[in-house]
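Heads up, the thing below is written out as structure tokens.
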Amino acid sequence: MKRLIFIMLCVAIGTSASAQSKFGYGPKIALNLSSVNLDDIKAVSVDNKMRVGMAFGGFASFQVNHWLGLQAEVMYSIQGAKLKFPTENGKLNGKLVANYINVPILAKFYPIDGMHIHLGPEVNFLVKKKLVRDGTKMDADFHKVDFCIALGVGYEFDFGMTIDLRYNIGMVDILKKVDGDKIRSKNGIIQLGVGWKF
């Protein structure tokens, strides 16, 4: 009887450890190279250059089986773009600031151990916004929520570190109007992330 109880206890502990090993969580930090694909503002072609920013937060993951996993993240992300407004006397500097709380929900596919391809929707909640031309704030009306598709690759090391390279494709215009005019404006972000999985 004691032997049976001991065997059952070992099986229960092993099953519990196996279930726990399917879950993971940890902190994450990322480098952002962001841009906003702007339509012309008042029929003036605006040059758009990438803005360098950071993202930081955390993630939680679940391993469904050896080839499929799921991951959710919550990240504060500094985004936007550097702008050049052409004039008769040259170009004026400007910038678009659009910082978000990013919440991606990703499916992760593992072609080989450790390496994954990930894909999924991302909902972004606007927390800071500004559109500036030559040091003067423009009248810009922002959407409070943005939707993206996240696509990327990554690798998970046995000792806990994770790395991933991702491109977030904006699906909706982040600006409603600029100086009263409707404008097309979608986010595009290249993101290089590093995390630590517990």
Exercise. Would a 4.5 Å heavy-atom cut-off, applied to side chains only, mark Ile190 and Leu165 as touching?
Worked result: yes
Exercise. If you measure from NE2 on His143 to CD1 on Ile174, what distance do you get to the nearest 0.5 Å?
Worked result: 9.5 Å
Exercise. Pick one: which of His116, Gln63, Lys108 meets side-chain hydrogen bond (donor to acceptor under 3.5 Å, both in side chains) with Gln71?
Worked result: Lys108
For this session: Name the orientation class of the two ring planes belonging to Trp67 and Phe109 (parallel below 30°, tilted from 30 to 60°, perpendicular beyond 60°).
Result: parallel
Exercise. Would you call Ile189 and Leu33 a side-chain contact if the rule is heavy atoms closer than 4.5 Å?
Worked result: no
Problem set entry | Nearest atoms (heavy-atom pairs only) where Met75 meets Gly58 | SD-N, 3.9 Å
For this session: State whether a side-chain donor-acceptor pair under 3.5 Å links Tyr110 with Glu156.
Result: yes
Exercise. If you round to the nearest 0.5 Å, how far is NE2 of His66 from CD1 of Ile112?
Worked result: 12.5 Å
For this session: Identify whether Phe59 and Val74 are in the same connected component of the hydrophobic contact network (ILVMFWY, side-chain heavy atoms under 4.5 Å).
Result: no
Problem set entry | Exceeds 12 heavy-atom contacts within 6.0 angstrom, atom CG of Asn37 | yes
For this session: Determine whether Leu126 and Lys129 make a side-chain contact, defined as any pair of heavy atoms from C-beta on separated by less than 4.5 Å.
Result: yes
Exercise. Is the closest side-chain heavy-atom distance between Leu83 and Lys49 below 4.5 Å?
Worked result: no
Problem set entry | Which atom of Met138 lies closest to which atom of Phe85, heavy atoms considered | SD-CZ, 4.0 Å
Problem set entry | same_hphob_cluster(Tyr25, Ile101) at 4.5 Å side-chain heavy-atom cutoff | no
Exercise. Would you find a donor on one side and an acceptor on the other, under 3.5 Å apart, between the side chain of Ser77 and the backbone of Tyr100?
Worked result: no
Exercise. What about Val194 and Tyr167, same hydrophobic cluster or not, with Ile/Leu/Val/Met/Phe/Trp/Tyr joined at side-chain heavy-atom distances under 4.5 Å?
Worked result: no
Exercise. Phe159 vs Phe157 aromatic rings, parallel, tilted or perpendicular, using cut-offs 30° and 60°?
Worked result: parallel
Seminar exercise, completed: Closest non-hydrogen atoms of Ala55 and Gln191, given as atom of the first, atom of the second and distance, are CB-NE2, 3.8 Å
Problem set entry | Heavy-atom donor-acceptor pair, Asp173 side chain to Ser185 backbone, under 3.5 Å | yes
For this session: Compare all side-chain heavy atoms of Ile149 with those of Met171 and state whether any distance is below 4.5 angstrom.
Result: yes
For this session: Kindly work out whether a path of hydrophobic side-chain contacts (I/L/V/M/F/W/Y, heavy atoms less than 4.5 Å apart) joins Ile105 to Val145.
Result: no
Exercise. Is atom CG of Asp158 surrounded by more than 12 heavy atoms (other residues, nucleotides or ligands) closer than 6.0 Å?
Worked result: no
For this session: Please indicate whether Lys82 has more than 12 foreign heavy atoms, meaning atoms of other residues, nucleotides or ligands, lying under 6.0 Å from its NZ.
Result: no
Exercise. Looking at CG of Leu151 and NE2 of His118, how far apart are the two atoms once the value is rounded to the nearest 0.5 Å?
Worked result: 7.0 Å
Exercise. Side-chain contact, heavy-atom cut-off 4.5 Å: Leu131 with Val97?
Worked result: no
Exercise. After noting the C-alpha distance and the side-chain angles of Asn93 and Val132, does the key distance pass the side-chain contact (heavy atoms from CB on, under 4.5 Å) rule?
Worked result: CA-CA 8 Å; Asn93 291 325; Val132 176; over 6 Å; no
Exercise. Where the side chain of Ser35 meets the backbone of Ala81, is there a donor-acceptor pair that is under 3.5 Å apart?
Worked result: no
Exercise. Would you say the side-chain atoms of Asn99 pair up with the backbone N or O of Gln79, donor to acceptor, closer than 3.5 Å?
Worked result: yes
For this session: State plainly whether the residues Asp164 and Lys28 are in salt-bridge range, i.e. N to O under 4.0 Å.
Result: yes
Exercise. With a 4.5 Å limit on heavy-atom distance, are the side chains of Lys197 and Met161 in contact?
Worked result: no
For this session: Determine the minimum heavy-atom distance between Gly53 and Leu31, stating which atoms define it.
Result: O-CD1, 3.6 Å
For this session: Work out which heavy atom in Cys148 is nearest to a heavy atom in Gly170; give both atom names and the distance.
Result: SG-CA, 3.8 Å
Problem set entry | Point-to-point distance, once rounded to the nearest 0.5 Å, from NZ of Lys128 to CZ of Phe142 | 11.5 Å
Seminar exercise, completed: One should read off an interatomic distance between Leu106 CG and Leu119 CG, to the nearest 0.5 angstrom, of 8.0 Å
Exercise. Are Leu96 and Val52 co-members of a hydrophobic cluster defined by side-chain heavy atoms under 4.5 Å apart?
Worked result: no
For this session: Would you give the length of the straight line joining atom CG of Asn168 to atom CG of Asn124, rounded to the nearest 0.5 angstrom?
Result: 7.0 Å
For this session: Please tell me if the side chains of Val103 and Phe125 come closer than 4.5 Å, counting only heavy atoms from C-beta onward.
Result: yes
Exercise. Under 3.5 Å, is there a donor-acceptor pair linking the side chains of Asp146 and Asn187?
Worked result: yes
Exercise. What are the two closest non-hydrogen atoms of Glu73 and Arg166, and how far apart are they?
Worked result: OE2-NH2, 3.0 Å
